[in-house]
Amino acid sequence: MGFIKKENKKFDYKPRYYKGDGNPYEIKQKFDQYRTTIGKKKGLKGKFNAAIDEFKESGYKLNKTIVVIALVLTLIFLFFIDFDLSIFFSKNN
């Protein structure tokens with residue numbers, strides 16, 4: 001009963017007045033040409049290693065503005081909960 005695998009029907013539509021190259025309805029991602037993790041058929045380990053290599057090549061940089069904002073918000077939060085900062089300083093009196 002289920003021995004024959006049903007394949008999807010293919011329909012190749014070409015617009016009548018389209019004179020360009022390729023299929024106008026092809027969906028492409030914006031940054032696929034720059035990614036190394038797509039394209040070739042790789043296993044899970046190959047994809048993971050390629051993603052790690054791509055991350056190492058890109059160079060991770062901290063945005064100074066984000067760090068400053070995070071520090072200010074943390075200090076405001078500590079002020080509101082009345083956190084005592086004196087536990088970080090030694091008492092040598």
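What you see is a predicted model; the values in this text were computed from it and never measured. Atom set for the values below is all heavy atoms of this structure, side chains included, hydrogens, waters and symmetry mates excluded.
Phe77 and Phe79 fall into different hydrophobic clusters, where Ile, Leu, Val, Met, Phe, Trp and Tyr side chains are chained together by heavy-atom contacts under 4.5 Å.
At a threshold of 4.5 Å between non-hydrogen side-chain atoms, the residues Asn63 and Val67 do not count as touching.
Taking CG of Leu44 as the start and CG of Asn49 as the end, the distance is 9.5 Å to the nearest 0.5 Å.
Grouped with Ile66 in a hydrophobic cluster is no other residue, since no side-chain heavy-atom contact under 4.5 Å to another Ile, Leu, Val, Met, Phe, Trp or Tyr is found.
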